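Worth saying up front: this structure is predicted, and the values here are computed from it rather than measured. For ligands, and for the atoms within them, numbers begin at 1 and follow the listed sequence.
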Amino acid sequence: MQASKLPGQGASIFTVMSALSNQYKAINLSQGFPEFNPHPALIDCVNRAMRDGLNQYSPMAGQPSLREVLASRQNHWGRAFAIDPDKHITIVPGATAGLFSIFQSLVMSGDEVVLFDPSYDCYAPSVVLAGGVPVRLALNVDGSYPFEALKNSINSKTKMVVVNTPHNPLGLVFDQSAWITLSEVLADTDILVLSDEVYEHMVFDDSEHISVLQIPDLAHRAVAVSSFGKTFHATGWKLGYITAPEHLTQEIRKVYQFLAFAANTPMQIAAAEFLTSYPNYEESVSVLMQGKRDLFVNALQSSRFRLMPCQGAYFQIADYSDISDMPDQAFAVHLIETIGVATIPVSAFYLNPPQEQRWLRFCFAKNDETLLKSAELLCQL
Ligand code: PMP
Ligand code: GLN
């Protein structure tokens, strides 16, 4: 028998639920992906780049034109140090590959990496494959961070703390006071902070996205991960980028050059051209997604689901304990089979799921008719 590097690891919950959704021809609000296309001008830019013959390898760190526009954007938004396109930005084939390169390059054998559950599914296995040890701390019931537990868990082996804002699956943002507290907890250490910011351009109401790179006491030992899959409604394009200080970027690139070498060229050229032509594009993403959240939440008003606050990303958490006491995995399957709506059971994001929790995650990055149709079905429960 072949030994396994990830014993006990099955197909991801996103693969499982989307497959079940397809099998039952259900409305798929499970795996997070938009139902609509990227901006038509962006698609034109990709087509043009391909026709213009820009179909060969990009430089390892990414197309200079794209890194320049991203550096200028970030400097405009405000960062604790001036972002240099050559020293600080690396384009990668999606955030998943970016995260993998970061763990492989910065985590040494036996290093501990603190993850907060519920946590996105690729973190823990990627840490393990890097020879690290995931230390999983549960978020408080209100979604705030357990800073006391973090303080107590820190020891000489602690290498990195992973934060995700806006958060998948909870839809919560890490605010200024949370960043300040994290800075205080890490003050006398050289622990790195990895901030997964793939939903950075989806923040609602009075909430604000604050990047780790805006925090003076953390930015010099931080790595931020972004994804065009989210920002451009193009999850299938697999394009993202890493922003980090020079000494960390150098180490990440050493590994990344052997993971993929470079991300795909026509989409990088197109992204640069599109962002240059639409300097305020990112703001439109929050407006669009907030409208979708509001439509979905309003349509569920008469249901028996209790909806949790959603400050960002494109996920709504709903407590179904007034409808059923089934565990969430079973209830999610039950919903596909009975009313034809697919969701994600939130227990999948935990090492030790809270036994009493009855939460499902709905992705609302869908066409309005889809959201209304699914809400109508959910209101019948
Ligand atoms: N981090 C989080 C929190 C995500 O939700 C996702 C994808 N949905 C990723 C990383 C991976 O992004 P990508 O598709 O660009 O690999
Ligand atoms: N990030 C997406 C989600 O949370 C899924 C991406 C994937 O399937 N790997 O639904």
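Looking at ligand 1, you won't find any N or O of Tyr123 less than 3.5 Å from one of its N or O atoms. Annotation: Ser12 places no N or O atom under 3.5 Å from an N or O atom of ligand 2; distance criterion only. Not a single N or O atom of Thr235, backbone or side chain, sits closer than 3.5 Å to an N or O atom of ligand 1.
Each of the following atoms of ligand 1 lies closer than 4.0 Å to a heavy atom of Asn168: 3 (C), 4 (C), 5 (O). Within the listing of ligand 1, atoms 13 (P), 14 (O), 16 (O) sit less than 4.0 angstrom from a heavy atom of Lys238. Here is the list of ligand 1 atoms found below 4.0 Å of a heavy atom in Gly94: 15 (O), 16 (O). Residue Lys230 has at least one heavy-atom neighbour below 4.0 Å for each of these atoms of ligand 1: 6 (C), 7 (C), 8 (N), 12 (O). Every atom of ligand 1 is numbered from 1 in the order shown, and the set under 4.0 Å from a heavy atom of Ser227 is 13 (P), 15 (O).
Under 4.0 angstrom from ligand 2, the non-hydrogen atoms of Asn168 all belong to its side chain. At a 4.0 Å heavy-atom cut-off, ligand 1 touches Val198 through the side chain alone. Of all the heavy atoms of Met17, none lies under 4.0 Å from any atom of ligand 2, so neither backbone nor side chain is involved. When heavy-atom distances to ligand 1 are checked against a 4.0 Å cut-off, Phe228 has no atom that comes that close, whether in backbone or side chain.
Asp117 has a carboxylate O that lies under 4.0 Å from a charged side-chain N of Arg136, or vice versa, which qualifies the two as a salt bridge. Using a cutoff of 4.0 Å between basic side-chain nitrogens and carboxylate oxygens, Arg358 and Asp328 are not scored as salt-bridged. Salt-bridge formation is not detected for the pair Asp190/Arg221: no Lys NZ or Arg NE/NH1/NH2 atom is positioned less than 4.0 Å from an Asp or Glu carboxylate oxygen.
Of the protein's non-hydrogen atoms, the one nearest atom 6 (C) of ligand 2 is Tyr120 OH, 3.3 Å. In this structure, atom 8 (O) of ligand 2 lies nearest to the protein heavy atom Gln31 NE2, 2.7 Å.
Ligand 1 is never approached by His167 to a heavy-atom distance shorter than 4.0 Å. For Tyr199, the closest heavy-atom approach to ligand 1 falls below 4.0 Å.
The aromatic ring centroids of Phe232 and Tyr281 lie less than 6.0 Å from each other. Between Trp179 and His209, the distance from one ring center to the other does not fall under 6.0 angstrom.
The side chain to side chain contact (heavy atoms under 4.5 Å, CB included) with Phe103 is formed by just one residue from the set Val128, Asp111, Val162, Leu129; it is Val162.
Ring geometry, Trp77 versus His201: the interplanar angle falls from 30° to 60°, so the pair is classed tilted.
Across Phe349, Tyr314, Phe14, heavy-atom proximity to atom 3 (C) of ligand 2 is greatest for Phe14. Atom 2 (C) of ligand 2 has its nearest heavy-atom neighbour, among Ser227, Ser30, Gly32, Ala313, in Gly32.
Figure legend: Arg361 and Phe315 shown as a cation-pi pair, the cationic atom lying under 6.0 angstrom from the six-membered ring centre and within 45 degrees of its axis. With a 6.0 Å cutoff to the six-membered ring centre and a 45° limit on the axis angle, Lys238 does not count as a cation-pi contact of Phe228.
Phe36 is linked by a ring-ring contact (aromatic ring centres under 6.0 Å, His included) to His233, counting only residues two or more places apart in sequence or in another chain.
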